[in-house]
Amino acid sequence: YAVSFFLYDPARRALHFPQTAGLDGRASSLRQELQDRSLPVILTSYRSGMGIEVEEKVFATALAAGDSRSFVMMRLKARLLASAPVETWLCISVSPMGPTGFQRHDSAGRFLADRRLTLLRYIALERRVEVNATWGPSFDTAPAHFGVYGNGGSMDPDFYLANNPYAELATRGFLNGFDTATDHVAGLCQGVFGWPMRLTPADASFSLDLRLPVGNFNAVPDLRDMSAADANTLESWIAAGWAFTLFQSGLRIELPPSLEYLADQEALCRSHLLILADSGEIHPGP
């Protein structure tokens with residue numbers, strides 16, 4: 001599955017997507033980079049054109065060094081850029097990843113694992129999502145609004161264009177509030193979760209953390225251990241560990257300031273190589 005964010009203006013029923021920055025007729029922009037130019041921490045900055053900037057930081061970590069319970073941490077922070085208060089929703093979407101709606105098989109006729117989402121369930125008491133038969137993202141703060149969408153059995157492709165969270169927000173101004181959806185036709189289940197924000201000059205930011213389990217999480221107590229880990233500590237641990245690996249150990253070169261860009265390239269290449277030799281831990285890859 002894929003997780004992404006967007007902003008929703010309930011007063012105008014307008015949706016602001018980072019994917020359309022610079023193409024949506026608004027003063028929007030999108031930037032993405034690695035932290036400190038080479039650390040495997042992905043930074044995304046989205047200026048929405050509605051006076052709000054959202055910064056997203058994504059990195060992979062584990063509950064402890066050598067722990068096989070690894071997960072991806074997604075940290076979001078919205079900041080007010082305008083001089084007047086702005087009311088909006090910070091929204092998280094959970095959707096299929098890559099080409100979907102196809103059942104694949106090999107030359108012998110054997111069906112292969114595919115990217116269809118046939119089940120999506122939100123467990124509100126535990127602030128987490130189940131995707132197919134696996135653990136999905138967990139929210140540190142419960143959303144105020146949510147809705148999951150599937151297919152009741154329609155074979156009409158237009159069904160998906162009319163019955164999805166984005167069309168419902170744009171036309172009706174709310175989400176369906178369902179916690180379970182199935183789609184055994186095309187596997188196009190998707191869900192959206194919303195956190196209302198009222199940003200003012202006196203209270204100009206809003207933060208949200210998500211955790212995406214990808215390692216050996218065998219039971220709900222493992223997920224509780226993941227949720228209990230302090231996000232700030234994990235972030236500091238990952239950044240310090242990679243800074244030590246890249247700049248204080250192993251091969252190091254020194255170049256004149258005028259060739260600093262070459263040093264950045266060298267550190268970036270080593271970072272990508274070391275991602276692939278990390279003793280089984282999980283990190284964002286090249």
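We're numbering straight along the sequence, starting at 1.
A donor and an acceptor atom, one from each side chain of Glu55 and Ser45, are nowhere located under 3.5 Å apart. In the model, Ser48 has no side-chain atom that pairs as donor or acceptor with a side-chain atom of Ser28 under 3.5 Å.
Within the 4.5 Å cutoff, the side chain of Arg75 has heavy atoms near those of the Glu235 side chain. Within the 4.5 Å cutoff, the side chain of Leu119 has no heavy atoms near those of the Val131 side chain. Between Leu76 and Met74, some side-chain heavy-atom pair lies under the 4.5 Å cut-off. Contact of the Tyr46 side chain with the His16 side chain is registered, since non-hydrogen atoms from C-beta on lie closer than 4.5 Å. Phe59 has its side chain out of reach of Ile42: every pair of non-hydrogen atoms, C-beta onward, lies at least 4.5 Å apart. Between Val41 and Ile238, the closest side-chain pair of non-hydrogen atoms falls below 4.5 Å. Residues Lys77 and Val54 form no side-chain contact, since every pair of their non-hydrogen atoms from C-beta on lies 4.5 Å or further apart.
Remark: side-chain polar atoms of Asn151 are not paired, donor with acceptor, to backbone N or O of Thr182 under 3.5 angstrom. Remark: side-chain polar atoms of Arg31 are not paired, donor with acceptor, to backbone N or O of Arg47 under 3.5 angstrom. Looking at Ser271, its side chain never comes within 3.5 Å of a backbone N or O of Ala267 through a donor-acceptor pair. Side chain of Asn163 to main chain of Phe159: a donor-acceptor pair is present (N/O by atom type, distance under 3.5 Å, no hydrogens or angles). Side-chain atoms of Asn132 come within 3.5 Å of backbone atoms of Arg116 as a donor-acceptor pair (strictly under, hydrogens ignored). Judged by distance alone, the side chain of Thr20 and the main-chain N or O of Leu23 form no donor-acceptor pair under 3.5 Å. At least one donor-acceptor pair under 3.5 Å links the side chain of Arg127 to the backbone N or O of Phe139. Not one N or O on the side chain of Asp67 forms a donor-acceptor pair closer than 3.5 Å with the backbone of Ala62. Using modelled atom types, one side-chain atom of Arg270 and one backbone atom of Leu246 make a donor-acceptor pair closer than 3.5 Å. No donor-acceptor distance shorter than 3.5 angstrom exists from the side chain of Trp135 to the backbone of Ala219, with no hydrogens or angles considered.
Among pairs with a residue in residues 212-231, those fulfilling salt bridge (charged side-chain N to carboxylate O under 4.0 Å, His left out) read Arg69-Asp222, Arg69-Asp225, at least two apart in sequence or across chains.
Hydrophobic cluster membership of Leu175, counting Ile, Leu, Val, Met, Phe, Trp and Tyr whose side-chain heavy atoms lie under 4.5 Å apart directly or via other members: Phe6, Tyr8, Leu15, Phe17, Trp89, Tyr149, Tyr166, Leu169, Val192.
Under a hydrophobic-cluster definition in which Ile, Leu, Val, Met, Phe, Trp and Tyr are linked whenever side-chain heavy atoms come within less than 4.5 Å, directly or via other members, Tyr160 and Met155 are assigned to the same cluster. Val58 and Val129 fall within a single hydrophobic cluster, where Ile, Leu, Val, Met, Phe, Trp and Tyr are joined by side-chain heavy atoms under 4.5 Å apart, directly or via other members.
By the 6.0 Å contact criterion, CZ on Arg12 is open, its count of non-hydrogen atoms from other residues, nucleotides or ligands being 12 or less. Heavy-atom contacts from other residues, nucleotides or ligands closer than 6.0 Å to CZ of Phe178 number 12 or fewer.
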Q: May I have the step-by-step check of salt bridge (charged side-chain N to carboxylate O under 4.0 Å, His left out) for Arg121 and Asp179, ending in yes or no?
A: CA-CA 6 Å; Arg121 178 184 291 118; Asp179 59 14; over 6 Å; no

